[in-house]
Amino acid sequence: MLQNLTGWHALLVLAVVILVFGAAKLPALARSLGQSVRILRSEAGDSRAEDATALVDDTRRSVPTGESSTATASVSPATAPAEPG
């Protein structure tokens, strides 16, 4: 859809933006747009970090570690049932 846009199209859009907002307000508009993009990027990075942490935590809970599985599977001699004799 946007493949057919040329430099003339960009100039036309820029002219419309200047007419709508005025030349005096363009720096403030650009500054607020830049701040919004910066906030969006930081929130997206935080979300990715939280997702990765949650994935690691879920993986650790679902896969038992070697120590805990052997500790529950082993039977000490004091609690082993006596063999009939």
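For clarity, every value in this text was computed on a predicted model and none was experimentally measured. These values consider heavy atoms only, across backbone and side chains, with no hydrogens, waters or symmetry-generated copies.
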| message | Using modelled atom types and a 3.5 Å cut-off, is there a donor and acceptor pairing between side-chain atoms of S47 and backbone atoms of E43? | response | no
| Within one Ile-Leu-Val-Met-Phe-Trp-Tyr cluster: V20 and I18, side-chain cutoff 4.5 Å | yes
| field | Cluster overlap L12 with V17, hydrophobic side-chain contacts below 4.5 Å | value | no
| task | Only pairs at least two apart or in different chains count here, so list each side chain to side chain donor-acceptor pair (under 3.5 Å) that has a residue in residues 17-28. | result | none
| said: Is there a path of hydrophobic side-chain contacts, each under 4.5 Å between heavy atoms, that joins V16 and L26? | reply: yes
| note | Rounded to the nearest 0.5 Å, the CZ atom of R41 sits from the CD1 atom of I39 at a distance of 12.5 Å
